[in-house]
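Predicted, not measured: the structure shown is a model, and the values here were computed from it. Note that ligands are numbered from 1 as they come in the structure, with each ligand's atoms numbered from 1 the same way.
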Amino acid sequence: MKKASQFKQIVHSPHLDFLMEAHNGLSAKIVEEAGFKGIWASGLSISASLGVRDNNEASWTQVLDVLEFMSDATTIPILLDGDTGYGNFNNARRLVKKLEQRHIAGVCIEDKLFPKTNSFLNGEAQPLADIEEFCGKIKAMKDTQLDDDFMVVARVEAFIAGWGLEEALKRSEAYRQAGADAILMHSKSLDITEIEAFMNEWAGRHPVVLVPTKYYSTPTERFRELGVNVVIWANHNMRASIAAMQKTSQKIFNEKSIVDVEGSVATLEEIFRLQEAEELQKAEKKYLPSTEKLSGDLQ
Ligand code: SPV
Ligand code: MG
């Protein structure tokens, strides 16, 4: 099944599903192998992996290049964290065109201003997009997609920016009516209270996606009870790799030897397996002239 259709099924299925963060081809492949049905191409993690801030310092085409590697390395759908759509409706609709060409299943855009700031940094000082302007952006994206199943997820930053439930509901309803396929309700609260209040008022009107990075201690069962459709584990591969790389680099630096890390890092064979090195060896046998024939040709 096409990746966009797979993701549409995930969003509309009656049970809770999960997307796991990845930020390059390798991490995307690891997410698929772990068993996840979909991938969150996190803006925070992709920018961090490129050594820049989550403020649109990497250009949108640089993000697109990373996504191309992620998409090529996997068969499960990818939802891009498309920040604000990298500009106005025109930039956002061109983004959709380019994403579909790379078999990206959908994109999430947030109702903030370009250049964006990460939701967990100084959140309350962050201005929100004008509702009408953001709705125009959603409409332009939906009008542009060629595949009916491509998904546009509208992310509401009302709670992040310190507005209350009423604003969160008003925006969600406007984005739903503008054609968004799902609402991502974001929260930086350490508990799930504001999300619960939203879910109760929203009453299953349209699919809901959550990112419980800050309210991580909420039992997963609670998301099910509330009728949440998709939960995104948004940055844990990036955080895991930072911790592992810091530990390994420091140990090798301190010890001026690699002997003590050998048992705690992935083997070379594991890298080759993930890269599918064996497939190339087989293809070489099939497609390259044999060495015997080559030396014969030379005589
Ligand atoms: C990201 O992963 O880049 C997100 C989610 O946008 S968060 O950082 O939690 O806002
Ligand atoms: Mg982001």
Side-chain angles (χ1 to χ4, degrees), residues 18-24 27-28 31 36 38-60 62-64 66-67 70 77-87 91-92 95 99 104-129 134 137 151-163 168 171 175 180 182-192 194-195 198 208-218 223 228 230-242:
F18 306 92
L19 301 185
M20 177 72 191
E21 171 263 318
H23 49 272
N24 57 22
S27 51
V31 167
F36 283 98
I39 296 168
W40 170 244
S42 154
L44 173 65
S45 301
I46 291 174
S47 53
S49 74
L50 295 171
V52 296
R53 286 170 285 226
D54 191 13
N55 295 71
N56 298 119
E57 289 185 345
S59 73
W60 74 275
Q62 288 174 320
V63 172
L64 208 60
V66 173
L67 278 172
M70 293 172 66
I78 299 174
L79 175 65
L80 169 65
D81 170 9
D83 295 341
T84 58
Y86 312 113
N91 306 91
L95 172 68
L99 292 177
I104 303 302
V107 58
C108 176
I109 53 161
E110 61 199 50
D111 56 355
K112 290 205 303 232
L113 307 183
F114 179 90
K116 57 83 47 92
T117 306
N118 187 273
S119 303
F120 301 136
L121 281 173
N122 201 14
E124 274 163 36
Q126 296 182 18
L128 295 184
F134 197 71
K137 196 180 269 187
M151 304 291 270
V152 173
V153 177
R155 164 165 158 181
V156 180
E157 293 275 300
F159 286 139
I160 296 286
W163 297 80
R171 285 177 174 266
Y175 305 160
I183 300 298
L184 189 158
M185 185 53 60
H186 208 9
S187 166
K188 60 178 177 179
S189 172
L190 301 184
D191 64 51
I192 198 183
E194 60 188 9
I195 293 289
F198 170 76
V208 174
V209 181
L210 296 182
V211 183
T213 301
K214 290 283 180 178
Y215 47 100
Y216 61 86
S217 58
T218 307
F223 302 132
V228 175
V230 179
V231 159
I232 297 177
W233 312 122
N235 44 48
H236 298 75
N237 273 324
M238 170 50 60
R239 289 162 67 187
S241 55
I242 288 175

Flag [X] as yes when one of its N or O atoms lies below 3.5 Å from any N or O atom of ligand 1, and as no otherwise.
| X | result |
| --- | --- |
| Glu110 | no |
| Phe120 | no |
| Gly43 | yes |
| Asn235 | no |

### Task
Confirm or rule out an N/O/S atom of Asp83, from backbone or side chain, lying less than 2.8 Å from the Mg ion (ligand 2).
no

When you measure from the side chain of [X] to the backbone N and O of [Y], does any donor-acceptor pair fall under 3.5 Å?
| X | Y | answer |
| --- | --- | --- |
| Glu21 | Asn237 | yes |
| Glu57 | Arg53 | yes |
| Asp111 | Glu157 | yes |
| Lys112 | Asn118 | no |
| Asp81 | Gly43 | yes |

Any idea which protein heavy atom is nearest [atom], and the distance to it?
| atom | answer |
| --- | --- |
| atom 7 (S) of ligand 1 | His186 NE2, 3.6 Å |
| atom 8 (O) of ligand 1 | Asn118 ND2, 3.2 Å |
| atom 2 (O) of ligand 1 | Ser42 OG, 2.7 Å |

### Task
On the 0 to 90° scale, with breaks at 30° and 60°, tag the Phe223-Tyr215 ring pair as parallel, tilted or perpendicular.
perpendicular

### Query
What is the name of the N/O/S atom in Asp81 that sits closest to the Mg ion (ligand 2)?
OD2

### Task
Pick one of side chain, backbone, both or neither for how Asp81 approaches ligand 1, counting any non-hydrogen atom pair under 4.0 Å.
side chain

### Task
Could you tell me which atoms of ligand 1, counted from 1 in the order shown, lie closer than 4.0 angstrom to a heavy atom of Ser119?
10 (O)

### Message
Can you confirm whether the side chains of Thr213 and Arg239 place a donor and an acceptor under 3.5 Å from each other?
### Response
no

### Task
May I ask you to check whether over 12 heavy atoms, not counting those of Trp163, lie within 6.0 Å of atom CH2?
no

### Message
Heavy atoms only: which of Glu21, Arg155, Glu157, Met238 lies closest to atom 5 (C) of ligand 1?
### Response
Arg155

